[in-house]
Amino acid sequence: MRQDTLVSLLGGRRGAFDATAPLVVFILTWLLSNHSIAWAAAASLTTAAAIAVVRLRQRTKPRAVILGLLSVSVACLIVLYTGRAQDILLPRIVSNAASALVWAGFIVFRRPLLGLIVGGLLGQKTRWRRDPALMRAYSAASWVWVAMYLLRVAILTPFWNSDSDDLAVVGGGVAQVLLSWPLLVLCLLVSGWVMRVVLPHDHPGIRHPL
């Protein structure tokens with residue numbers, strides 16, 4: 001299985017752009033409007049809505065488009081309610097913490113999500129779970145994804161808690177962009193390496209469960 005196939009399934013570059021563009025617009029508008037949260041939220045929502053229209057015309061799955069627009073809407077409602085611009089980071093912190101818990105939980109219950117995703121792509125369904133070596137490899141590699149989500153939480157939380165609005169919003173926004181597509185690719189490469197290390201040398205590979 002090509003690595004870019006898995007990246008595409010998990011969002012890929014287009015997903016990273018759709019998730020970060022409204023945030024970048026929020027930050028720029030907030031700076032240019034003398035820290036106006038209302039203008040920043042309106043610009044961010046407008047950007048998210050425009051992206052949603054484009055994606056629907058490109059026949060992107062409506063569910064993904066709606067979820068993307070909903071996440072931006074929730075973030076904007078939060079900052080409008082609290083009056084704290086740095087709260088634009090809060091939904092991303094919460095969603096990454098939840099993702100880490102979900103991935104870890106699936107590993108504990110011997111259903112590593114990486115195996116479920118790759119197995120689905122390869123048309124194996126859950127047949128790979130009967131292969132102890134593949135189970136160990138997918139479990140070990142899935143911990144890399146747990147680490148990625150926790151790393152995002154660990155980096156974004158101090159920005160969110162910062163007493164400096166500029167540092168929180170600008171620094172946190174830049175960090176969030178860097179922690180999207182680049183970190184996803186790095187995580188994919190590391191998890192692939194982990195699987196190769198954990199699998200026995202005589203194993204036929206993920207395409208051929210024993």
Side-chain angles (χ1 to χ4, degrees), residues 7-103 145 147-188:
V7 170
S8 177
L9 180 69
L10 295 170
R13 288 184 223 180
R14 189 169 67 178
F17 171 81
D18 293 355
T20 56
L23 172 66
V24 172
V25 170
F26 179 94
I27 295 171
L28 292 177
T29 306
W30 183 75
L31 291 172
L32 295 174
S33 64
N34 194 26
H35 295 185
S36 171
I37 291 177
W39 279 108
S44 182
L45 281 171
T46 301
T47 302
I51 291 174
V53 171
V54 171
R55 295 309 181 212
L56 288 174
R57 287 182 176 178
Q58 293 174 341
R59 299 187 182 279
T60 302
K61 292 181 179 180
R63 180 181 177 184
V65 175
I66 293 173
L67 286 176
L69 182 58
L70 181 62
S71 66
V72 176
S73 301
V74 169
C76 290
L77 286 174
I78 290 174
V79 297
L80 288 171
Y81 177 77
T82 63
R84 287 167 29 103
Q86 55 263 51
D87 284 342
I88 196 71
L89 302 173
L90 186 57
R92 189 57 57 91
I93 294 173
V94 173
S95 65
N96 277 281
S99 296
L101 287 174
V102 169
W103 277 70
W145 292 80
M148 177 188 71
Y149 293 121
L150 291 177
L151 178 63
R152 287 173 174 171
V153 173
I155 292 177
L156 292 177
T157 299
F159 284 108
W160 175 63
N161 282 325
S162 174
D163 292 329
S164 170
D165 290 346
D166 288 338
L167 175 61
V169 176
V170 179
V174 171
Q176 186 165 314
V177 172
L178 295 177
L179 292 171
S180 58
W181 169 252
L183 185 59
L184 177 63
V185 173
L186 177 61
C187 180
L188 180 62

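Evaluation of the side chain to side chain donor-acceptor pair (under 3.5 Å) test over residues 45-54, restricted to residues two or more places apart or in two chains, returns none. Applying the salt bridge (charged side-chain N to carboxylate O under 4.0 Å, His left out) test to pairs two or more places apart or on separate chains, none has a residue in residues 170-185. Pairs engaging residues 67-87 under the salt bridge (charged side-chain N to carboxylate O under 4.0 Å, His left out) rule: Arg84-Asp87 [sequence neighbours left out]. Pairs engaging residues 24-33 under the side chain to side chain donor-acceptor pair (under 3.5 Å) rule: none recorded [sequence neighbours left out].
The shortest heavy-atom contact between Ala85 and Val79 is O-CG1, 3.9 Å. Shown here for Val153 and Ala97, the closest heavy-atom pair between the two residues is CG2-N, 3.5 Å. Leu90 and Trp160 get closest at one heavy-atom pair: CD1-CZ2, 3.7 Å.
Atom-to-atom distance recorded for Leu69:CG and Ile66:CD1 is 8.5 Å, nearest 0.5 angstrom. Atom CD1 in Ile88 sits 8.5 Å away from atom CD in Gln176 (nearest 0.5 Å). If you take CG on Leu186 and CG on Leu151, they are separated by 9.5 Å, rounding to the nearest 0.5 Å. Atom CZ of residue Phe26 and atom CD1 of residue Ile37 lie 6.0 Å apart, to the nearest 0.5 angstrom. From Asn96, atom CG reaches atom OG1 of Thr157 across 9.5 Å, with rounding to the nearest 0.5 Å. The CG atom of Leu28 sits 9.5 Å away from atom CG of Leu23, with the distance rounded to the nearest 0.5 Å.
For the pair Ser95 (side chain) and Arg92 (backbone), a donor-acceptor distance under 3.5 Å is present. With Ser44 contributing its side chain and Ala40 its backbone, the two residues share no donor-acceptor pair below 3.5 Å.
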Taking only distance into account, with no hydrogens and no angle test, what donor-acceptor pairs under 3.5 Å do side-chain atoms of residues 163-174 form with protein atoms, sequence neighbours excluded?
from   : atom 1 : to     : atom 2 : distance (Å)
Ser164 : OG     : Leu167 : N      : 3.3
Asp166 : OD1    : His35  : NE2    : 3.2

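For Leu179, the side chain to side chain contact (heavy atoms under 4.5 Å, CB included) partners two or more places apart in sequence, or in a different chain, are Arg152, Ile155, Leu156, Leu183.
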